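Everything numeric in this text was worked out from a predicted model, so none of it was measured.
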Amino acid sequence: MQIQPETFYTPQDDVMRVIAAVQTLAKWRHENRGPAYIKSGKRIIYRGSDILEWMDKNRTEPAAA
């Protein structure tokens, strides 16, 4: 399962497990960390493009030996 830029995801969607557990995502939102999200009432959704951007920003290159 791949994250699609044009798709919206909830914290409970299986594809979000690639990022973190539902509880971790909630903790990150409380701490203003993690990928950008949209809040509509009590509903939380993540835009695929925001998730991919966040993943790119957190990418680490291993040091060359």
Side-chain angles (χ1 to χ4, degrees):
M1 198 177 271
Q2 263 189 321
I3 296 172
Q4 300 298 319
E6 66 282 350
T7 302
F8 290 91
Y9 301 95
T10 67
Q12 294 77 23
D13 286 334
D14 287 340
V15 73
M16 293 300 288
R17 292 184 186 165
V18 170
I19 308 298
V22 173
Q23 299 86 352
T24 303
L25 291 168
K27 181 180 177 186
W28 287 350
R29 289 192 303 273
H30 180 73
E31 297 173 346
N32 292 317
R33 297 174 42 199
Y37 62 93
I38 300 164
K39 186 171 182 179
S40 177
K42 292 183 178 184
R43 187 175 171 97
I44 301 292
I45 54 174
Y46 293 89
R47 187 181 357 220
S49 58
D50 290 334
I51 296 166
L52 294 170
E53 180 182 331
W54 177 80
M55 289 174 73
D56 281 342
K57 286 181 184 176
N58 286 283
R59 182 171 181 244
T60 303
E61 286 285 337

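By the 6.0 Å contact criterion, CD on Glu6 is enclosed, its count of non-hydrogen atoms from other residues, nucleotides or ligands being greater than 12.
To the nearest 0.5 angstrom, Ile44 atom CD1 is 9.5 Å from Gln12 atom CD. Remark: Leu52 CG to Lys57 NZ distance equals 12.5 Å, nearest 0.5 Å. A distance of 11.0 Å separates CG in Leu25 from CZ in Arg17, rounded to the nearest 0.5 Å. The distance from atom CG of Asp13 to atom CZ of Phe8, rounded to the nearest 0.5 Å, is 12.5 Å. To the nearest 0.5 Å, atoms CZ (Arg43) and CD1 (Ile38) are separated by 10.5 Å.
In this structure, Val15 and Gln4 have side chains that are not in contact, with every pair of non-hydrogen atoms separated by 4.5 Å or more. By the 4.5 Å heavy-atom criterion applied to side chains, Ile19 and Trp54 are counted as neighbours.
With sequence neighbours excluded, the residues that form a side-chain contact (heavy atoms from CB on, under 4.5 Å) with Arg59 are Glu61.
Here the closest heavy-atom approach between residue Pro11 and residue Arg29 is recorded as CG-NH1, 3.7 Å. Heavy atoms only, all atoms of each residue included: Gly41 and Lys39 are closest at O-CE, 3.2 Å. The shortest heavy-atom contact between Pro35 and Tyr46 is O-CE2, 3.7 Å.
Within the 3.5 Å criterion, the main-chain N or O of Asp50 finds no donor-acceptor partner in the side chain of Tyr37.
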